[in-house]
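This report concerns only the one structure given below.
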Amino acid sequence: MKLYIALAAVSLFTAIMIGSSLWSDQKIAKLGRELETAKQAAKISEALARELELKAAGYKHKIEYLEESLSALSLIANKQDGELKTLKTDTNDARLDVRRARTVQRIESTTAELCTKLAALGHACD
């Protein structure tokens, strides 16, 4: 009877060992599949990251170009603002001169009258 109990204990131990071995093999296989899936996902992510880095570099180049263009346009705009201010000043001066010229009263005089007036001031006509 002791022999049967010992045989049963050995059989139970063997069954547990086989079961745990099968379970660990299954677990290792599952982890291996998960590892392969993770490797594939990493490769895809790496390829996407490279593609995005290339796009980012392209955008960076475009931004630099646009900033240079904006700077050049800003310089042109400042120059044109200065020119517009000069034109405005010139136009305002011309308008003032026209107004002044309109306010001057015309005096109808003959040449003889003008020479007499100039002679009175010390500038005789020749």
Side-chain angles (χ1 to χ4, degrees):
M1 175 92 87
K2 287 184 184 183
L3 182 62
Y4 291 120
I5 294 175
L7 189 58
V10 169
S11 296
L12 181 63
F13 180 72
T14 304
I16 291 173
M17 291 302 289
I18 291 172
S20 66
S21 175
L22 290 173
W23 179 80
S24 67
D25 287 345
Q26 181 185 9
K27 189 73 169 172
I28 289 172
K30 181 181 174 186
L31 290 174
R33 288 189 302 273
E34 288 176 1
L35 177 64
E36 288 302 317
T37 303
K39 283 182 181 179
Q40 289 175 354
K43 285 180 183 179
I44 292 170
S45 295
E46 187 178 336
L48 181 62
R50 273 193 235 113
E51 182 180 331
L52 292 174
E53 284 177 358
L54 290 174
K55 282 185 180 179
Y59 289 138
K60 183 179 178 183
H61 179 68
K62 287 178 184 178
I63 288 170
E64 289 172 355
Y65 170 75
L66 291 173
E67 284 176 345
E68 289 174 8
S69 297
L70 181 62
S71 177
L73 289 174
S74 178
L75 290 174
I76 291 170
N78 287 339
K79 182 180 177 184
Q80 288 177 345
D81 282 346
E83 290 172 358
L84 284 174
K85 286 178 184 177
T86 302
L87 289 173
K88 182 179 178 182
T89 302
D90 292 348
T91 303
N92 287 338
D93 290 347
R95 285 183 181 148
L96 287 173
D97 290 344
V98 167
R99 284 188 190 125
R100 255 186 258 127
R102 285 183 182 163
T103 60
V104 172
Q105 295 178 358
R106 295 181 185 185
I107 301 173
E108 296 295 329
S109 302
T110 63
T111 306
E113 291 173 342
L114 286 176
C115 284
T116 306
K117 289 180 182 178
L118 283 173
L121 295 172
H123 299 285
C125 292
D126 294 332

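Keep in mind that this is a model prediction, so the values were computed, not measured.
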Could you work out, with side chain to side chain contact (heavy atoms under 4.5 Å, CB included) as the rule, every residue matching [X], not counting sequence neighbours?
X    : value
S24  : none
L96  : R99, R100
L114 : S109

What's the separation between atom [atom1] in [X] and atom [atom2] in [Y], rounded to the nearest 0.5 Å?
X   : Y   : atom1 : atom2 : answer
Y65 : L70 : OH    : CG    : 12.0 Å
L66 : E64 : CG    : CD    : 10.5 Å
I28 : L35 : CD1   : CG    : 12.5 Å

Taking the side chain as every heavy atom from C-beta outward, state whether L22 and Q26 have any pair of such atoms under 4.5 Å apart.
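They are not in contact (no side-chain heavy atoms under 4.5 Å apart), so the answer is no.
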Identify every side-chain donor-acceptor pair in residues 36-63 under 3.5 Å, counting partners at least two apart or on other chains, and give the distances.
| unit_1 | atom_1 | unit_2 | atom_2 | d |
| --- | --- | --- | --- | --- |
| T37 | OG1 | R33 | O | 2.9 |
| S45 | OG | A41 | O | 3.0 |
| E46 | OE2 | R50 | NH2 | 2.7 |

Which pairs count as side-chain hydrogen bond (donor to acceptor under 3.5 Å, both in side chains) when at least one residue sits in residues 66-90, sequence neighbours excluded?
none
Applying side-chain hydrogen bond (donor to acceptor under 3.5 Å, both in side chains) as the test, list every pair that has at least one member in residues 111-121; sequence neighbours left out.
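Applying side-chain hydrogen bond (donor to acceptor under 3.5 Å, both in side chains) to every pair that reaches into residues 111-121, excluding sequence neighbours, yields nothing.
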Can you sort out the partners of D93 under salt bridge (Lys or Arg N to Asp or Glu O under 4.0 Å), two or more places apart, ordered by chain and number?
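Expected list: none.
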Which pairs would a plain distance check flag for residues 3-17, meaning a side-chain donor or acceptor within less than 3.5 Å of a matching protein atom at least two apart in sequence or in another chain?
| unit_1 | atom_1 | unit_2 | atom_2 | d |
| --- | --- | --- | --- | --- |
| S11 | OG | L7 | O | 2.9 |
| T14 | OG1 | V10 | O | 2.7 |

